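Data block below; observations after.
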Amino acid sequence: MQTTAESSARAEEILRKLPRIEGVIPMYVNGRWTLAKDGDTRELINPSDGRPIAVVADGGAADAEAAIAGARRAFDDGPWGRISAADRAALLFRVADAIDANRDEFMRIDTLNNGKPLRETEYDAIDAANCFRYYAGLATKPHGQTFDVPAPSQTFTVREPIGVCGQIVPWNYPLLMATWKLAPALAAGNVCVLKPAELTPLSTIRLAMIFEELEFPPGVVNVVMGAGATAGHAIAASVLVDKIAFTGGTTTGRSIMQAATANLKKISLELGGKSPNVVFADADFDTAVDYALFGIFANAGQVCSAGSRLIVERSLHDRLVERVVERARKIRVGDGFDPETEMGPIISPVHRERVEGYIESGLTDGAKLLCGGERLGGELAEGNFIAPTVFDRTSPKMRIVQEEIFGPVLVVQTFDDEAESIALANDTIYGLAGAVFTQDIAKAHRVVRKMRAGITWINTYHPTYNEAPWGGYKQSGIGRELGTYGYDAYTEVKQINVNLDVEPSGWFSG
Ligand code: NAD
């Protein structure tokens, strides 16, 4: 087994294979590698040790506009529109195979750039390949319907691509979020202008190399790097973009929705969450404890669907919370390249301070801190590490209960009966996910049916399937990704009517 240093050195060696122009990792626009028009660059930092790892092009509005213009030409006049669904599928299967063949590179790039442990980035890389494979399969499946309308007509629908799709993604699953956007859009015949998060663009650049190697026509896939307020806003506002698909924070989602009104573009939003994990006293104890930990501390809590509120039946509260805290203290936090590491760092110093601000507010509001709450020092001092944190004795109006922290902070709430568990579960502006743990299957069904959330789990937390829809109720989003829903979201529906009795209607007499 490699040591942490060897493993990290291997990642840096992989980075050296990425394209460079004058030492800078460029964007992929209209089939060419290019620097930002104004020459701006951004230094990327390893969140585990604060060291610089690469310098990338930092695009702005002009770069986004160039990519959009290229995508527009590719959609309106390029060969992509003449490629059959079967050939598009074949290309996407090859993308999946190429991700698999280079899995080690994708894993290590994301661990270096995002900090999450290798076992998580391995899972992401496997899932990304499978997502391309799933949508490659879906490209050739039937998507239209026929309708029994009054004779003599025959009416049916076809699904057609929407056109130029702007896609903006966050930093918490760099490769996977890019894949969730690109795979269904391309399968349905669209062209894409994708903007990765400015902190974590590297695995998306590695992915763009695959599109280049497989000779996707120029302009079909564009990767624009840059800040949200400039490059991202230009994509959301452009009248040449037909659809915007965004994953990120709810506040950003709101401003993207406003920008998208310029040409009333189609919109999909996958936003934040404050998801409830409801545990009844009759739950299988060890399973409930295990998933309570996994729900919040996987990816250091930087997961939109994190089980950040543990809602426990009062009679089980003391025993469950004691065990959760005991195990939370034992979580091995560290560099993602260390094979022992179970939880990595927070993405950036700025975000760490945001999480610490929430911890501070929990203390000020009178919640009881049971473990964590502090930065980790020693050999982790240069990275953005926060210890797994659990707050108890919370009340529903506290900020730590209502707002998305997006870090390794679990808040415990307590209920006395089923009705109260549901009321607490639904008591935030969010509605992304939720789970219930009980051995009473009827109760489990009753509770999840009453949760105002788009993704629910019974006796598990977090499983996500390419085959099943993903998205939120309330302020957690608009629309669904993944599954057939995710494919449909990248299509327009066209009704086609055929008159089977071709003769004049005689409506006007003259
Ligand atoms: P963020 O909203 O700050 O940024 C996300 C992306 O939007 C980045 O690429 C950023 O550059 C871009 N952006 C920022 N401002 C913009 C603007 N004005 N116009 C256009 N683009 C803009 O979010 P983040 O901090 O990167 O990610 C964390 C958030 O993402 C959390 O709230 C989390 O819940 C959410 N998220 C949701 C899902 C989901 O599926 N629902 C998945 C992952 C993350």
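First listed ligand is number 1; within each ligand, the first listed atom is number 1. The structure displayed is predicted, hence computed values, not measured ones.
- Legend: salt bridge (charged side-chain N to carboxylate O under 4.0 Å, His left out) pairs involving residues 170-194, not counting sequence neighbours, sorted by first then second residue: Lys181-Glu481.
- With salt bridges taken as basic N to acidic carboxylate O contacts below 4.0 Å, one links Arg133 and Asp100.
- Cation-pi geometry between Arg206 and Phe106 is met: under 6.0 angstrom from the ring centre, within 45 degrees of the axis.
- Near ligand 1, residues Ile168, Val169, Pro170, Trp171, Asn172, Met177, Lys195, Pro196, Ala197, Glu198, Gly228, Gly232, His233, Phe246, Thr247, Gly248, Gly249, Thr252, Ser255, Ile256, Glu270, Leu271, Gly272, Cys304, Glu404, Phe406, Leu432, Trp470 each place a heavy atom inside the 4.0 Å sphere around the ligand atoms.
- Annotation: side chain to side chain contact (heavy atoms under 4.5 Å, CB included) contacts of Lys37 (sequence neighbours excluded): Ala62, Asp63, Ala66.
- Remark: Tyr430 pairs with no residue by the ring pair (Phe, Tyr, Trp, His ring centres under 6.0 Å) rule, at least two apart or across chains.
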_CA sep, side-chain torsions, deciding dist, call: Asp290, Arg327, salt bridge (Lys or Arg N to Asp or Glu O under 4.0 Å)_ = CA-CA 9 Å; Asp290 200 69; Arg327 288 192 55 191; 3.1 Å; yes

